[in-house]
**Q** 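Handing you this structure, nothing more for now.
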Amino acid sequence: MKIVGVELRRIAMPLVSPFRTSFGVEEIRDVLLVRVESPDHEGWGECVASAEPLYSAEYTDGCADVLRRFLVPAVTALPNPEATAIGPALAGFKGHRMATAALETAVLDAQLRGLGISFAGFLGAVRHRVPSGVSVGIMDSIPQLLDAVAGYLDQGYLRIKLKIEPGWDIAPVRAVRERFGDITLQVDANAAYTRRDARHLAQLDEFDLLLIEQPLDEEDLPGHALLAAQVTTPICLDESITSARAAADAIELGACSIVNIKPGRVGGYLEARRIHDVCAAHGVPVWCGGMLETGLGRAPNVALAALPNFTLPGDTSASSRYYRTDITAPFELVDGHLAVPDRPGIGIDPDPAALDEVTVSSEWIRR
Ligand code: NPG
């Protein structure tokens, strides 16, 4: 494949309601889109970094900078810039996985469009639809939380994930369990606790949660292993799993028994698939995380979530969970599921008018 040039486009996407986690609040999503142009096709990649480096070290301006100065020039200089060549070509640049993932996804999209192959087909999907869960942010009060959860259950979501932090954990989980009975329920701490909180977190055991996600610091794999021995709720890792090697280490240490896979966090769909395979080989189930993606980022996530070892519902929600107007045709929930796109590449295109409406800036990097 040839690359003519790469566009870095910034869009501002207002969320339907503020999304609060233990590390901050998002109200308008600052999204960086990468568009790769080949002579015959274009390909899109959505960078999942947020405006501030609070979830991980990456942030939107930083991603744009590293792409512009290092990653894009290294990739466009390749004689045959195909997706499998990108990892090796960028291996010398440390970190910057979200930026790398956006570029690799855009290249893979253009490449697969040229070949007439869908992401689902390329990755090895085995399902035509995937079950959807929803992530519910931290709220001001328990009645407000119960109203939000009731609304999502009415819409058909098959699993509820509650964001927790110290001071917003046992009581909201108890309230949701008592009000809604045996729904599929899990919690996400985004690393808000420390090893000293093990006894406190063990109080969650009575609520029969599917899992607790990333209770401790992303670097504290041994702490997660210690915690796993002190609670009965299965531990799932998100932030800690930055690569297939990290997944293998975490599993060997006993730090987790479930893994959340986010392609952006791990440098792209090729590494995401390797993590899927490592986990499958160890009998560790995985699910697909979400980063408030627009339709452009959601489409390939839904394809990934259709692989065989994605046995738990993902944060693959409908577009309307986050955006009143998406930049693509909206993903809609049907019986609690999203359909896996089956057209070539990511299988969806931005709506030009909707995209222009939210565009803040655009820059073109010629090969
Ligand atoms: O459904 O897209 C979604 C969001 C799911 O809770 C969710 N994402 O910690 O996993 C997370 C959280 C997140 C969102 C993290 C945005 C960072 C940025």
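Whatever order the structure lists them in is the order used to number ligands and atoms, beginning at 1.
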**Q** Ion pair present between R174 and D169, side-chain N to carboxylate O less than 4.0 angstrom?
**A**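 A salt bridge is absent here (no side-chain N lies under 4.0 Å from a carboxylate O).
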**Q** Please confirm whether R35 makes a cation-pi placement over W364, using NZ or CZ under 6.0 Å from the six-membered ring centre and within 45° of the ring normal.
**A**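 Not flagged: R35 not positioned over aromatic ring of W364.
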**Q** Which of the atoms in ligand 1, numbered in the order shown and given with their element, are less than 4.0 Å from a heavy-atom of S135?
**A**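 That gives atoms 5 (C), 6 (O), 7 (C) of ligand 1.
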**Q** Any Lys/Arg nitrogen of R20 or D140 sitting under 4.0 Å from an Asp/Glu carboxylate oxygen of the other?
**A**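 Counted as a salt bridge, because a side-chain N and a carboxylate O are separated by less than 4.0 Å.
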**Q** If the contact criterion is a heavy-atom separation under 4.0 Å, does G289 count as touching ligand 1?
**A**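 G289: no contact with ligand 1 (<4.0 Å).
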**Q** Taking only heavy atoms of S50 into account, list the atoms of ligand 1 that are under 4.0 Å away from them.
**A**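 This gives 18 (C) as the contact atoms.
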**Q** Numbering the atoms of ligand 1 from 1, which are under 4.0 Å from a heavy atom of D188?
**A**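 By the 4.0 Å cutoff, the relevant atoms are 9 (O), 10 (O), 11 (C).
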**Q** With a 4.0 Å cut-off, would you call E363 and R68 a salt bridge?
**A**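 Salt bridge: yes.
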**Q** Before signing off on this row, confirm whether N260 and ligand 1 have an N or O atom pair separated by under 3.5 Å.
**A**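 N260 vs ligand 1: no N/O contact under 3.5 Å.
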**Q** Does any N or O atom in N190 lie less than 3.5 angstrom from one in ligand 1, N or O only?
**A**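 Indeed, backbone or side chain, N190 has an N or O that close.
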**Q** Quick check: does E239 get an N/O under 3.5 Å from an N/O on ligand 1?
**A**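 No, there is no polar N/O contact under 3.5 Å.
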**Q** Validate the cation-pi geometry between R273 and F122: distance from NZ or CZ to the six-membered ring centre under 6.0 Å, angle to the ring axis within 45°.
**A**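 The answer is yes; both the distance and angle limits are met.
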**Q** So, is G290 polar-close to ligand 1, with some N/O to N/O distance under 3.5 Å?
**A**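 Yes, at least one N or O pair falls under 3.5 Å.
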**Q** Mark the output for R298 as yes if a heavy-atom distance to ligand 1 is under 4.0 Å, and as no if none is.
**A**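 True for this residue.
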**Q** So, is M291 polar-close to ligand 1, with some N/O to N/O distance under 3.5 Å?
**A**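 Yes, there is a polar N/O contact under 3.5 Å.
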**Q** Is it true that the side chains of R321 and S132 contain a donor and an acceptor less than 3.5 Å apart?
**A**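 There is no such pair between these side chains.
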**Q** Which heavy atom of G137 sits nearest to which heavy atom of K163, and what is that distance?
**A**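 Smallest interatomic distance, heavy atoms only, reads CA-CG, 3.9 Å.
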**Q** Tell me whether K163 reaches ligand 1 (any heavy atom closer than 4.0 angstrom to a ligand atom).
**A**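 Within the 4.0 Å threshold, so yes.
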**Q** Kindly say whether N260 contributes a backbone atom to a donor-acceptor pair with the side chain of R265 at under 3.5 angstrom?
**A**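 Yes, because the side chain of R265 sits within donor-acceptor range (under 3.5 Å) of the backbone of N260.
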**Q** What's the spacing between T232 OG1 and L209 CG if we round to 0.5 Å?
**A**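 Spacing of OG1 (T232) from CG (L209) equals 9.0 Å.
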**Q** Using distance alone, decide if ligand 1 has a nitrogen or oxygen within less than 3.5 Å of any nitrogen or oxygen in Y322.
**A**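 Between Y322 and ligand 1, an N or O pair is found under 3.5 Å apart.
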**Q** Does R321 come within less than 4.0 angstrom of ligand 1, counting non-hydrogen atoms of the residue?
**A**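 Contact check R321 vs ligand 1: negative.
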